[in-house]
Structure formats: structure tokens, C-alpha cells
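Input: a single structure, listed below in C-alpha cells.
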Amino acid sequence: MLHGVMAGLDRANGASLCARVALLVLAVLIVSWPRCSGAEGRDQPADLRELVRSLSEDLEPGELSGSPPALEIRRGGRLYGYAYSTMAVTGSLGYAGRPLDVHVVLTADGRIAAARLARHEEPILVIGIAADALEAFVRGLHGIDIRQAATTREFRRGAGPDHVAGATVSSAVIRDAVLRSARAVARSRGLLEAPSQPVQIDRLTFTRKSWPELMAEGAIAHRVVRRGDVAEAFGPPAADEAGDLFIELYAAVLSPPAIGQSLIGRRAFERLEGELSSDGTLLLVAARGLYSFKGTEWTRSGAFDRIQIVQGANTIRLSREQHENRDRLTAEGAPELREIGLFRLPGATGFDPAKPWRLELLVADEAEGRSQVLALDHSLPAAYLIGQASLALALHEPPEEELWQQIWRSRRIEIAMTAAMLLVLAGILFAHDGLVRNVRIYQRTRAGFLAVTVVFLGLYAGAQLSVVNVITFAHAVLSRFHWEQFLADPLIFILWSFVALSMLFWGRGVFCGWLCPFGALQELLNVAARRLGIRQIELPWPLHERLWPIKYIAFLLILGISFKSIPDAFALAEIEPFKTIVVLKLARAWPFVVYAIALLAAGLFIERFYCRYVCPLGAALAIPARLRLFEWLKRRPQCGRECRICAVRCTVQAINPLGQIVPNECIYCLKCQASYYDATTCLPLKQRAQRRAVPAFALPPAVKHLAVEDADA
């Protein structure tokens, strides 16, 4: 016994010495590797000018000036826009709490003309997401109109991508930084005072209307041409033919649903609108009479040679690809028409349906070589237009919701499911004495909870805590702490809050044993391996405890290197396979995949191999977890002395030869507690049952003494 106690003290002294050496290494790293801002040697104005010139050689960038600072850009002496850095304008930070800088060119009419990611230290983007995927995301922000794109609480159709797959939060933070800084620059330069497009058409309101109602309110342009009106083209008609109908022409903008659905029906309207981009327009041209506005040339060449659209200095010619024929109109009271044509005008044509326009009809007599142009002018009634002055004013008000509030609102279901999981787990931990008394129920409960952890928290929600979160928090505390950067991912925030609280009650094991998707996956695979007969390897205790420091050294190295270079620290944090397995679901380069699968394979032979010896996150949690307030795992005096069943069955071999639970290594799986109450497994309980079966007078004095000792225990 004395020998065992001395051995335990030696091991404790060895562990203490190891801890002191590790802390010394950390101190040296912090002192000798000064922080690196990542921006040294960069010339921000020069980078902005390079971005401007990449758009066009005739753009003339000026000097950095104003508040917030921006480069004024001119073209031929006229203002083109401004170039700026999101870091300089709004002090943008990434989800990891590190500086995030995007260089942006904003035009004078409020559009993002160019955007380039100049600097970031987001862990999921440093290693994990392909560079071209991130560049494509940033390029996709080009063309956003900050007057029409809602604040970042919603992503409207045609307003650019909202995230990069596998990096939802980080990419949302990048997009938010671009839009917020763009509005700040636009407000300071007065770009929002006079919207470039004062009105837009109402694409939402629908009220079914009849043909007479649409005609009465001016939604349909109409012109009647008699034979006598085209004398210039065909010569003077006979007196009895001058009043004959030559053509009765109709035209309308169908994009407002109240007009389009009334005239061509809901299904046709939705189909045609769906084929258009968000800035496209659908037009109707119809007629009856002697003259055809379509002619026959379009069937051969593909171009309509008799009609064209004119708006200001813009002339739009119509083609067969834009055309769809109709036999009739669905509006009540619509006349029988000889020809009906629907024309899709893409936004690239420059047509603005909110402004006046005219339809020009060419009337020609090819035999005589004479022609005449008839015009049908049209503008949408005010009832179908929406003014944008109020939208411009709204941009001067602060957003109603911050980015983190938007994300929380959009993930209500996942938040509710996570909260339910944590409530169930809290119930299990507080009432574990009752649960583990029935081994079968305990095993099924644990297996079911671990399966939910893998499927829901891991594969579905991607809510895997990481040592990167610890590094981020440490740097935030040492520099500028902002709750918003941690609130941006609601599930990660909720899990960390629960883990921090649970460490006071139960230590590090609550997360490692129940809420870590990768740890749960290892355990479930090991259970399957045991059932398949795969032989398990139990390392000798001296070797086992000497492998523990690996994870502590890994954590301290990552933390120390982070004070020199965050990207280097995040690269070293790839010792965690979490990103490969849980976040990116093996969609990575083959070395990462091979490494992750190798760790899972090792776990088939040594249960939770990675958790025992490699995991830096487990080490980071074990250090503060020593402050826990309670010790609720029960042990017997015979543990380690007469019986080692719990030690053999322990998931991570966290029970030392003396029968004591090592709190730094325990993952609170409760297996030892199930054995503690199992009369068919626990040796002291078996002995007690045997003694009860023998009359007390029949027992030798020494055995009687043991029985009393056991009862007192």
C-alpha cells in the first residue's frame, strides 16, 4: 500500500513538473514572438488604386481623404465613385475576432463595382475552403445596388450570394462588412440623397381587373389607325375606303401582376416572369385590322422589322428569341385580336418600365418604296409605381437588427432543438444516479444521445466546438472584446455557454463525453467494432499516462504561436480533424481526409484514441475544469484495491491503479457509475449479496469484521 501511494506521489510530481515546463515553453513563445498585425508593409491607397485601374484604364483615382476615408474616382472629369477599405471605414472584424479587410469600389449611383478580399484570418477560410470558392463569393457581390438591396437582415433575389458552403457565418460577416461600409461611405458623400431611379414598378400587388378597367386607367396603350391615316405610305385611298380600319394597336407593360395576370393568366405570367432576370420586363403588343405588326420577315431572319421600342436615346429591336405567341387574352371583356405577341426584355437592354416609352410601327409599301412610322406612346399609371424616396431615407436610419440578430432569427429551429438537447443532458447529469441503476436503459439512453450529437449537432448543424474558439476568446479578452463576434454563430455560442457552466458542476467531461460530434462518432464506431469482434488494445498505465501530455503540449503550442501569427496557429490547429469530418464532411484535400480517417481507425482498437492523447480542445477544457465545485461520481473503498472492473471498462482509461478517477481525463460517460450500482458486476456488491445469503453466526470472525467494515463504507 505504501509503495502504491509513493508511486502515485511520484506521478503527481511528474505531472506537475510537466505542467511547469509546458507553461515555461508558452511564456517563451509569447515573449519571443511578438504579435504580427498582418498589415505591415502594405500600402492601402496603392492597393485601392490598383483595384480601380483593374476596372478600366480611364478611371482616375484621387487621394485618400474624408471621413470615413475613401479615394474619389473620376472619369473624364466627372465623378465615378469611391474606393475604400472596410477596415478603415467600419473597423470590420471577422467571426474569429481578427481584422477583416475588403477593398471595395462604390459607384456614384450606389452600386458595388468591384470587391476584393485584402485580408482575413478566418479559420475556416485559412485552411479548408478553396481560395477560388471564396474569390467567387466576393466577386458575386459585384453589381449590388445598396439603394435597393435591403440591409443585411435579408438577401433579396439578385442581390448577390449570401454565403459560402461550409463557411456560412464567416462569409455572412464578409458580406455584412461590405454592405455596411458601403452605406457609410454613401451617406457621408451624399450619394443616397437623390436615388438614380426615382420610381420603380410594383411587382407585388395583385388585383384582378377586366379589360375595360385596364383601358380606363391607362394601363393599356391604344391607337386606331384608318386607311386615310397612312396615305403617305400607300397613297390616297378611295373615298369609300378612307374610314376602313388599317390597324388597331395595343401595348402594355405586363410586369406588374395586376396587369400581367389579368391579361394572360397566372400560370403564363409566373412562367414568363420566372424566365426573366429580376430587372427584366415583360411587354404585350397586340393588334387587329388589315395590317400585321409582325410581318413575315421574323420567321426567316429572327428579327421583327416592323416594330421597335424607343425610350429616350435607347432604341430596342425585338427578336424571335424574345417573342412568344398568344391566341387570346384572359381578361374579362378583352376583344378578339388578330395578333398577340409577348416580348421578354432583359435588363441588359436598358429598358426602364417605370419611365415613358413608345412603340414605333413601320408601315411600308415595298412596291412603291414608300414608308411611314406610326408611334404609340405609353407610360404606366402612377397606381403601378412605387416611389423610392422613402427607401433612400430608410438607409439613413441604423439597421433594425445587427448581423447576429438576423442569424439567430433565421436559425430558430436549430436553436430550439439544441436547447432541448441541453435540457435533456442536464436532466441526465443531475439525475444520473437513477438512470445508471438500470444498465440497459442507461446504455440505450447514452447511445441515442450520442447518435443525435453526431447526426444533428455534427452532420446537420456543423456545431463542433474547436480549439480555434478558445484561441479566439483568449485574443478577444486581451484586445477588444465584442460579444457580437461570438453571437454570430448561435449554436456555437449556446454550446460554449453550457460547457462553461457545466465545468463548474462536472468538469470538462460534459462536452467531451456527450456534446462533441467527433468524440461521439469515435465511441459509436468503437461500440460497433467490439460487436464485430475487433480486439481492443489496453495500453499499460505508465505508457498511457505519459501519452497524456501530448494534447496539453499541442494546445500550448497553438496558443503560443497565435501570439505571433493567427494563420500559423490555425494551421497547427488542423491537428483537430473536426473541420474535415464535421464541418466540410470530407470535402477536402486527400491528406486531411486520410489523417481524419486514420484517427477514426485507431479508435476502433483504442476507444476514443484521439480524445485520450491528441485533442488540444480537451486539454484546453481540462485546465479551467479543475475549478469544479462538486464531485458527484461515487467510489468504494475496494475500488483499485480489490476490484478494477470500472478501470477496465472506463471509456478513456481515466481511473488510475489506485482506483481514483483522474478528473482531467474523465469524460463523464457514467460507465463507472453503472458498474457501481450493478449487483451483477460490482465486486463489493457481489460480496455483500453473498454475505447476506450466509447466516451471520456461520461467518468466521475475520469475515464478520469485513462485513461491518463494508456496511460502514
Side-chain angles (χ1 to χ4, degrees), residues 94-96 117 120-139 161 163-171 174 450-451 453-471 489 492 516-529 532 534 537 547 550-551 553-555 557-558 561-562 565-619:
Y95 171 56
L117 189 59
H120 76 87
E121 295 176 5
E122 294 296 275
I124 190 67
L125 301 177
V126 170
I127 297 180
I129 300 298
D132 55 352
L134 182 61
E135 292 169 0
F137 168 76
V138 177
R139 285 197 303 270
H163 72 278
V164 176
T168 304
V169 176
S170 293
S171 51
I174 292 174
L450 293 181
T453 297
V454 172
V455 175
F456 171 67
L457 280 185
L459 300 181
Y460 175 76
Q464 170 72 66
L465 303 189
S466 166
V467 71
V468 168
N469 304 130
V470 178
I471 301 303
D489 193 327
I492 297 297
C516 176
F518 186 78
L521 179 61
Q522 287 183 95
E523 186 166 331
L524 293 175
L525 289 177
N526 184 267
V527 170
L532 292 174
I534 294 179
I537 300 174
L547 292 177
I550 295 176
K551 57 179 177 286
I553 293 172
F555 167 66
L557 283 174
I558 294 170
I561 291 174
S562 71
S565 169
I566 287 289
D568 290 345
F570 289 164
L572 183 58
E574 286 297 324
I575 193 175
E576 293 181 330
F578 306 156
K579 188 190 300 183
T580 301
I581 296 291
V582 178
V583 180
L584 299 177
K585 301 174 181 62
L586 300 179
R588 300 194 72 182
W590 68 266
F592 295 102
V593 176
V594 170
Y595 170 69
I597 293 177
L599 290 176
L600 291 176
L604 300 178
F605 302 93
I606 301 176
E607 188 171 5
R608 283 183 175 251
F609 170 84
Y610 174 80
C611 302
R612 296 188 189 196
Y613 309 122
V614 185
C615 183
L617 176 60

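These figures come from a predicted structure and were not determined experimentally.
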In sequence, state the C-alpha distance, the side-chain angles, and the governing distance for Val467 and Ile575, and then conclude on side chain to side chain contact (heavy atoms under 4.5 Å, CB included). CA-CA 10 Å; Val467 71; Ile575 193 175; over 6 Å; no
Calculate, to the nearest 0.5 Å, the distance between atoms CG and CD1 belonging to Leu572 and Ile561 respectively. 5.0 Å
Please name the pair of heavy atoms, one in Lys551 and one in Cys611, separated by the smallest distance, quoted to 0.1 Å. CD-O, 4.0 Å
Expected output: side-chain Arg608 to main-chain Gly519 donor-acceptor under 3.5 Å: yes
Assess whether atom OH of Tyr595 is packed by more than 12 heavy atoms of other residues, nucleotides or ligands within 6.0 Å. yes
Measure across Ser466 and Glu576 and return the closest heavy-atom pair with its distance rounded to 0.1 Å. OG-OE1, 2.6 Å
Test side-chain contact (heavy atoms from CB on, under 4.5 Å), reference Phe578, set Leu465, Leu617, Val468, output is Leu617
Kindly compute the distance separating NZ (Lys579) from CZ (Phe518), expressed to the nearest 0.5 Å. 14.5 Å
Measure the CG-CG distance between Leu557 and Asp568 for me, rounded to the nearest 0.5 Å. 12.5 Å
Quick one: closest heavy-atom pair of Val582 and Gly462, and the distance? CG1-CA, 4.2 Å
Side chains of Ile558 and Val470, heavy atoms from C-beta outward: is any pair under 4.5 Å? no
Do you know which two heavy atoms are closest between Ala554 and Val614, and how far apart they sit? CB-O, 4.5 Å
If the plane angle is over 60° it's perpendicular, under 30° parallel, otherwise tilted; pick one for Tyr613 and Phe609. perpendicular
Output the distance between atom CD (Gln464) and atom OG1 (Thr453), rounded to the nearest 0.5 Å. 10.0 Å
Separation between NZ of Lys585 and CG of Leu459, rounded to the nearest 0.5 Å: 6.0 Å
Arg612 versus Glu607: any side-chain heavy-atom pair under 4.5 Å? yes
Please report the C-alpha distance between Thr580 and Leu586 in whole Å, then the side-chain angles of each, then the deciding distance to 0.1 Å, and finally whether the side chain to side chain contact (heavy atoms under 4.5 Å, CB included) criterion is met. CA-CA 5 Å; Thr580 301; Leu586 300 179; 4.1 Å; yes
Value rounded to 0.5 Å, distance of CG in Leu450 from CG in Leu457: 11.0 Å
For Pro616 and Phe555, the nearest pair of non-hydrogen atoms, with its separation, is O-CB, 3.6 Å
